[in-house]
2 protein chains.
Amino acid sequence: MNTPDYLDQAVNIDKLDEKILKLITQNARIPFLEVARECGVSGAAIHQRVQRLQNIGVVSGSEFIVTPQKLGYNTCAYMGIHLEKAKFHTQVVEALRAIPEVVECHFTTGQYAIFIKIQTKTNKHLKHIIDNYLQEIEGIARTETFMSLEMDFKRQVPIK
Amino acid sequence: MNTPDYLDQAVNIDKLDEKILKLITQNARIPFLEVARECGVSGAAIHQRVQRLQNIGVVSGSEFIVTPQKLGYNTCAYMGIHLEKAKFHTQVVEALRAIPEVVECHFTTGQYAIFIKIQTKTNKHLKHIIDNYLQEIEGIARTETFMSLEMDFKRQVPIK
DNA sequence: TTTGAAAGCATTCCTTA
DNA sequence: TAAGGAATGCTTTCAAA
C-alpha cells in the first residue's frame with residue numbers, strides 16, 4: 001500500500017546524495033563515472049544512489065530542455081482563473097490538461113482558484129486559445145492574463 | 001558574431017528531429033541507440049542530430065527533475081511585484097536571482113512589472129524570505145502573493 | 001560500498017548517397 | 001548535407017563479497 005502523496009515528507013539525504021543531485025540536476029547526461037570521480041566513490045555506488053533517489057521519489061525523471069522560441073513559441077503568459085463554484089475544480093483542471101499549450105497548472109488560494117502558465121506561438125495564437133478553448137470550459141467564470149515579456153531566469157529548488 | 005536573442009527565430013525541424021525531441025525530452029537518459037531503433041536510423045545519426053539540436057539552441061541542456069517536497073520544500077507561491085519605477089527592473093531582477101528560493105522570474109506587462117515563483121520549506125520560511133529579503137530590495141514597491149496548494153501538472157511546450 | 005567482468009553504448013572516422 | 005558501418009574506448013549493470 002502506498003502512502004498518499006499529501007503525506008509526502010522530506011527524506012534523509014546525505015552529503016553524497018546532495019553532491020550527486022547537484023551534478024545530475026545540472027546535466028542529466030553526465031557520465032556516472034565522472035560523478036564518481038568528483039565524489040571519490042565508485043561508479044557502481046553512483047549508479048545505486050541514483051537508482052535509490054528515483055525509487056524514493058527524490059528525482060522523478062530526467063529531461064532534455066527545449067527552448068520554446070526555437071520551436072516558434074514566442075508568447076508566454078500566466079493566467080489567473082476564477083471559477084463559478086469551487087466544485088468545478090477537478091473538471092476544469094482536466095479540461096486544461098487537454099490543452100497542450102497550458103504547460104503548468106496550480107490549485108491556488110487567494111485571488112484565483114487556478115493559476116496556469118501558457119505558451120503559444122504568437123499573441124494571436126494565445127487569443128485564439130483563450131477565446132475558443134478556455135472560455136468554453138464549463139465552470140470558468142473569468143480569467144486575468146499577465147504576459148511575460150521575458151523570462152529572466154529559471155532553476156530548480158536549491159539543493160542544500 | 002552572434003545574433004542577439006531578441007531576434008531568435010524558429011528553426012527548421014523535420015519529422016526525425018521531432019521524434020528524437022519527443023523521446024529525449026521525456027527521458028534524458030535514454031540510450032541514443034534505443035532512440036535510433038525507434039526511429040529506424042543509426043546511432044551515429046541520432047548522435048549527430050542531438051548535437052545539432054544543441055548547437056542551434058533547440059535544446060539547452062538536460063536535467064534530472066527533483067521533487068521539491070522530498071527535499072522538504074512544501075510551500076510554493078507565485079508573487080506579482082510592483083516597482084517604484086520601471087528603471088529599477090534590472091537591479092531588482094539581480095537581487096531576486098541572489099535568493100535561491102526564487103526559482104523563476106519573469107518581466108511582465110499588465111498588473112505587475114515582475115512575476116516570480118518561489119519555493120520554500122514552510123509557510124513560515126516564505127514569510128521570512130518576504131520580510132527579510134524581498135521587502136528589503138530597493139525598488140520594490142509592494143508584492144501580491146498567490147499560494148499554490150497543489151501543482152496539478154507541469155510539462156514542456158508541445159513538440160508538434 | 002567495492003570490484004571485476006560482460007554487455008551495451010557513445011563517439012569518431014571514413015565511406016556512401 | 002545527412003546517414004550508415006565499423007572500431008575503440010567507455011560506461012553501465014549485476015553479482016559476489
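- Side-chain proximity of B/Ala44 to the nucleotides D/dG4, D/dA3, C/dT2 is greatest for D/dG4.
- Distance from the side chain of A/Arg37 is smallest for D/dT11 among the nucleotides D/dT11, D/dA3, D/dT13.
- Separating the CG atom of A/Leu33 from the C1' atom of D/dT13 is a distance of 11 Å, rounded to the nearest angstrom.
- Rounded to an integer number of Å, the gap from CG of B/Asp17 to C1' of D/dA2 is 11 Å.
- Heavy-atom neighbours of A/Phe88 CZ from other residues, nucleotides or ligands within 6.0 Å: above the threshold of 12.
- At whole-Å resolution of the value, CD1 in B/Ile30 and P in C/dA10 are 10 Å apart.
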> Under the side chain to side chain contact (heavy atoms under 4.5 Å, CB included) criterion, do A/Ile13 and A/Lys160 qualify, and how do the steps go?
Replying inline: CA-CA 10 Å; A/Ile13 294 296; A/Lys160 272 287 166 17; 5.6 Å; no
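- In this structure, A/Gln48 atom CD and D/dT11 atom P are separated by 18 Å, rounded to whole Å.
- Note: B/His106 and A/Tyr78 meet the aromatic proximity criterion, with ring centroids under 6.0 Å apart.
- Taking atom CG of residue B/Asn55 and atom P of nucleotide D/dT1, one finds them 13 Å apart after rounding to whole Å.
- Nucleotide D/dC14 holds its P atom 18 Å from the CZ atom of A/Arg52, rounded to whole Å.
- In terms of modelled atom types and a separation under 3.5 Å, the side chain of A/Gln156 and the main chain of B/Val66 share a donor-acceptor contact.
- No salt bridge links A/Lys22 with A/Glu38; every basic N to acidic carboxylate O contact stays at or beyond 4.0 Å.
- A straight line from CD of B/Glu34 to P of D/dT11 spans 20 Å, rounded to a whole angstrom.
- Distance CZ (B/Arg29) to C1' (D/dT11): 9 Å, rounded to an integer number of Å.
- Which of D/dA2, D/dG4, D/dT12 sits closest to the side chain of B/Arg49 comes down to D/dA2.
- Taking the side chain of B/His47 as heavy atoms from C-beta on, and the options C/dT11, D/dA3, C/dT2, the nearest nucleotide is C/dT11.
- Of the candidate nucleotides C/dC9, D/dG4, D/dT12, D/dG4 has the atom nearest to the side chain of B/Ser42.
- Among the protein residues, B/Leu16 comes within range of the sugar-phosphate backbone only, with heavy atoms under 4.0 Å from sugar or phosphate atoms but none that close to a base.
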